[in-house]
Structures are given as C-alpha cells and as structure tokens.
Enquirer: 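Dropping the structure in here first, questions after.
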2 protein chains.
Amino acid sequence: MKIVETVMLLNRGSFAASGAWTTIRSNVHSAIAQAEWPVGSGAFTIYPESGKKSGHGNGVVPIKAKPMKLLQEDGWTLEYPWEVTTKTAVTTRGRAKGTRPGDIDAARQFDEGLVVVEWETGNVSSSHRAINKMALGLVAKKCVAGVLIIPNMKLARYLTDRIGNIEEIRPYIPLWENLSVAEGVLELVVIEQDGESTDSPRIPKGKDGRAQEAMLAALIAKS
Amino acid sequence: MKIVETVMLLNRGSFAASGAWTTIRSNVHSAIAQAEWPVGSGAFTIYPESGKKSGHGNGVVPIKAKPMKLLQEDGWTLEYPWEVTTKTAVTTRGRAKGTRPGDIDAARQFDEGLVVVEWETGNVSSSHRAINKMALGLVAKKCVAGVLIIPNMKLARYLTDRIGNIEEIRPYIPLWENLSVAEGVLELVVIEQDGESTDSPRIPKGKDGRAQEAMLAALIAKS
DNA sequence: TATGGATCCATA
DNA sequence: TATGGATCCATA
C-alpha cells in the first residue's frame, strides 16, 4: 500500500519533536505500507470496480489486517480498550455512559505516553468521530499521539460507497488545528492502492459485520 | 415535543449576550417544540416500539417537518446552501472539492450575522460531522450561531437504531469547548417525546431516502 | 443497553 | 462525481 501523503493536524510540544516519536512513527508507517491484496502478494492490487452500487466494488478488511498483525508482533495491543471519555453522564437506569471504552485498532504505551492508531473503514461521518476521539484524547492528555489511516478517493472509489476519504475531511482541517493543545501529535496518513488489475480478485464485501469480523480474524492469522 | 435540556458548547462574545440572540433563540425553540405526531394532534406522541431491529420502531421525518415549516414562514431559508468549507482542495479531475455547499436545514441572515439550524436524524457519527461543521462555521466566522436539535435516548430508543443522541455526544463536549472561538454560539437542543401510546400510529420508516424525502415534503405542506 | 461499524440510497 | 443521510449489524 502506498502512503501518498500525511496531514499533521496537530504537531506540538516536546514529544512531537522527539527522536522517540520519529522512530515510533516510522515503524507505524512501515506497518501501514505492508497492507496487501491478494494476501501474500506483497502489494495492494485492487480490482477496479466502483463500490457505488450495491454488491459492487471491494470490501475493506485487508487494508488493516496485515498492518495490525505487524504492530501486534511489535508489541502493540489490538482492540485496545480506551477510556478517553469523561465519566459524568449516567443513564436513566443508573449505568454510567460515555465510560465504556471504545476500542482502538492498535495502541501502545511508551515511556512518553500512549500512542493510538486507527484505520478508517467506516462511513466518512465516522471519520469525524474517530478524529474527534483522538483529539479529545490529546485535550484530556490521555495520549500523546494519534494516527488515523484514511484512503484517498482514488482508492475509496473502489470500496464501499461513502467510506471515509481524505478529500471530504480536508475542509475541516482548520477546525482541529484550532484546538488549544500544547503537547501531542494528530496525524492523518493517506493511503492508495499500489495498482489495479482485473486479474486481482474482488475483496469480499461482508454482507454484515460478522462476515467482516471473521475475515479480519482469518486475515490477521494468515498474515 | 419537549425541550428537556440545552447544552451550550460555545456561548461567547457580544452576540451571545445580545437581546437579538435572546429573541432569535426563543423563536427557534418555539418552532422546535411544535413538532407533532400524529400530524395535527398538537403533541408528539410516539408508538413505543424499539427501533433496534430491522423494520421496527419509528422513522424520523415528523421531528423536523413542522418546525422547518414554521421557520420558513418566519423568514428562514430551508435547505440553505452553506459555503462553510475552504476552497483549496482539488480533485484529480480538476474539480474543486470541499466547495460544494452542504445544505443546512434552516438558516437566516440577521444584521448580526448568519444563524444556522440543523436537526440530527442520521447516524450518531453524523452528529459529529454536523457539530464540526457548525463549529467550523464559527471558527471561520461564516456564522454567529449554530443550533443542533438532537434526541435523548428516551426518544432515540424508539427511532432507527444508532440515530444521533445526546448521551453519546456528551463525552465529547470538552473537545468543542476547547476551541479558540471568541465570538458566537454553538448550542445543542435536546428533545424528547411528549408522550407514548400504542394508539399512536408508527411513524413510517422510509425503506430508502426517497420515501423520507417525499414524506418530508408532504408533511411540510400539510403542517 | 452501549459502541463502532458497514452498507446502500437520493439528490444536485 | 459530491454530499448528507437512513438503515441495519456484531460484539461486549
């Protein structure tokens, strides 16, 4: 997978300038770039069919399967339960809300603080939530860096319709840059397929979440 | 419809403290509260069935139909094309991106500036985008106030699964409060049904967007 | 019930 | 193609 661009929404303070972050970032980028399709091919070659119509185009699982596996082997925790939100809200039944950890795709505690990594393979509106969540982590000092991996339209056009893409997020960049965060990194990593070929199989689209979950588990094991 | 709470994410500067805003806000709240179901009943009485399962629960159109009609009669523009985003991005085909105005449910230009109003009847992740959009409008000084109408879980539980609700948004409040905005208002208006009754008809759930659009047009005409 | 997600739709 | 939306799903 090609990393075609990185967008630094926030890049402030001592950690952002540290050698430790330079190394961590390099390792994360390396893992991201090793996403592959077909599995074992060493490149990401997509079947070039628009994902606009129902049943057409490609699913999203291989984008994150191998990179997550690699991070795991490097000491990262997958599906990390992240207590980023506050604890004040309570439901009518007396249960706490906003306290349940939303899982982060991969996270690792370093001496300098927590670094979190998320792949954006849901609806573009979900990208807003993902970025807001990492930004909140920085505001609340629960992490020192957040990395969101997001396709550009050249890739997204072949995936499920309305999947998160950098073009639709770009107009909002001034919003996150406006945050009063003194310390930390918030980075978007923009990805694109290595190539396109009608000889490459279509990536199965899960009819439902179960199919996707099973496929992710299978691909992580296979990677 | 009951307004059970208002959440002020941002409330700063001279406009926020002005009598003009007090009047505008009062009129907007009045319109919001006149949402009704069944149409003509003068109250919002919902059929109490969970929207969790496919084909169950209630659709969302009447929540905004009559309030929008009332605002329109009061001089507001519906489906207002709002050029809030920047103009820098360009697609591979040379077309500008992020320049296309996303429609705002209702907006009106006052002497003091533009006021925008949105109902949140999409997925909760879409609520993040809606709030980000209005916050960006304040950061970029394209508006002086933004109002988002959002159900609480007592109402949302009877609507389509995963619809925007205040409980899931609440943990992110510190994020938007953290913005460096000197002037303007960003307010969430939390709504809840007046009552529940199995004698009230279920609100039709559009199988698709067309059904919803047609219903909205019909209800606005009927209101 | 709570949360993140995946998929498909309508209109401009 | 571009944009906001509506709906349903899986797991904890």
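A note on names: the letters A, B, ... follow the listed sequences, proteins ahead of strands, and every chain is numbered from 1. Just so we're clear, the structure is a prediction, and the values are computed from it rather than from any experiment.
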Enquirer: Rounding to an integer number of Å, can you tell me how far N152(A) CG sits from dT1(D) P?
Expert: 14 Å
Enquirer: Provide the full list of ring-ring contact (aromatic ring centres under 6.0 Å, His included) pairs with a residue in residues 142-162 of chain A, sequence neighbours left out, each pair given once.
Expert: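 Output for this query is empty, none listed.
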Enquirer: Among all residues two or more places apart in sequence or in another chain, which pass the side chain to side chain contact (heavy atoms under 4.5 Å, CB included) test with E49(B)?
Expert: Y47(B), H56(B), R202(B)
Enquirer: Nearest whole angstrom, please: distance from the C1' of dT3(D) to the CD1 of I169(A).
Expert: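 Spelled out: CD1 on I169(A) to C1' on dT3(D) is 12 Å.
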Enquirer: List the residues meeting ring pair (Phe, Tyr, Trp, His ring centres under 6.0 Å) with W119(A), not counting sequence neighbours, and say none if there are none.
Expert: none
Enquirer: Working note: S125(A) + S125(B), criterion side-chain hydrogen bond (donor to acceptor under 3.5 Å, both in side chains); need CA distance, chi angles, decisive distance, verdict.
Expert: CA-CA 5 Å; S125(A) 65; S125(B) 65; 2.7 Å; yes
Enquirer: Specify the separation, in whole Å, of atom CZ of R170(B) and atom P of dT3(C).
Expert: 12 Å
Enquirer: Using the test side chain to side chain contact (heavy atoms under 4.5 Å, CB included), find all partners of R157(B) that sit at least two apart in sequence or belong to another chain.
Expert: M153(B)
Enquirer: The helix from dT1(C)-dA12(D) to dA12(C)-dT1(D): angle between its terminal axes, five pairs each, to 10°?
Expert: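 For the helix from dT1(C)-dA12(D) to dA12(C)-dT1(D), the axes at opposite ends meet at about 30°.
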Enquirer: Give the rounded distance in Å between these two atoms: NZ of K154(A) and P of dA2(D).
Expert: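 The distance from NZ of K154(A) to P of dA2(D) comes to 15 Å, rounded to the nearest Å.
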Enquirer: Could you name each residue pair satisfying ring-ring contact (aromatic ring centres under 6.0 Å, His included) that touches residues 133-157 of chain A, not counting sequence neighbours?
Expert: none
Enquirer: Using the side-chain heavy atoms of D161(B), tell me which of these nucleotides is nearest: dG5(D), dC9(D), dC9(C).
Expert: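 My answer, after comparing the listed nucleotides, is dC9(D).
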Enquirer: Let me know the distance between CD of E49(B) and P of dT7(D), rounded to the nearest Å.
Expert: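 Rounded to the whole Å, the gap is 14 Å.
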Enquirer: Separation of E168(A) atom CD from dG5(D) atom C1', in whole Å?
Expert: 12 Å
Enquirer: CD1 of I163(A) versus P of dG5(C): gap in Å, rounded?
Expert: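 Atom-to-atom, I163(A) to dG5(C), this comes out as 11 Å.
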Enquirer: What I want to find out is whether E118(A) reaches K64(A) closely enough, with some N-O distance under 4.0 Å, to be called a salt bridge.
Expert: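 No.
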Enquirer: For DNA chain D, determine which residues of residues 115-127 of chain B have any heavy atom closer than 4.0 angstrom to one of its atoms, and list them numerically.
Expert: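 Output list: T121(B), G122(B), N123(B), S126(B).
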Enquirer: Taking NZ from K53(B) and P from dA6(D), how many angstroms apart are they, rounded to a whole number?
Expert: 24 Å
Enquirer: Respond yes when some side-chain nitrogen or oxygen of K52(A) is under 4.0 Å from OP1 or OP2 of dT7(C), and no when none is.
Expert: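 For K52(A), the contact criterion (side-chain N or O under 4.0 Å from OP1 or OP2 of dT7(C)) is not met.
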Enquirer: Which residue, S50(A) or N58(B), contacts DNA chain D at a nucleotide closer to its 5' end, judged by nearest heavy atom?
Expert: S50(A)
Enquirer: So, does K133(B) get its side chain near the phosphate of dG4(D), meaning an N or O under 4.0 Å from OP1 or OP2?
Expert: yes
Enquirer: For V181(B), enumerate each residue passing the side chain to side chain contact (heavy atoms under 4.5 Å, CB included) test, keeping only those at least two apart in sequence or located in another chain.
Expert: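 Counting only residues at least two positions away or on another chain, V181(B) forms a side chain to side chain contact (heavy atoms under 4.5 Å, CB included) with L10(B), R12(B), L138(B), V139(B), L179(B).
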Enquirer: Should the side chain of R162(B) and the base of dG5(C) be counted as holding a donor-acceptor pair, with the cut-off at 3.5 Å?
Expert: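 Absent.
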Enquirer: Determine the contact category for R157(A): base if any of its heavy atoms lies under 4.0 Å from a base atom, sugar-phosphate if only primed atoms, P, OP1 or OP2 are that close, otherwise nothing.
Expert: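 The residue R157(A) makes sugar-phosphate contact but no base contact.
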Enquirer: Going by side chain to side chain contact (heavy atoms under 4.5 Å, CB included), name the residues that satisfy it together with A145(B), two or more places apart in sequence or in a different chain.
Expert: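 Per chain and number, A145(B) pairs via side chain to side chain contact (heavy atoms under 4.5 Å, CB included) with F15(B), W21(B), V115(B), V185(B).
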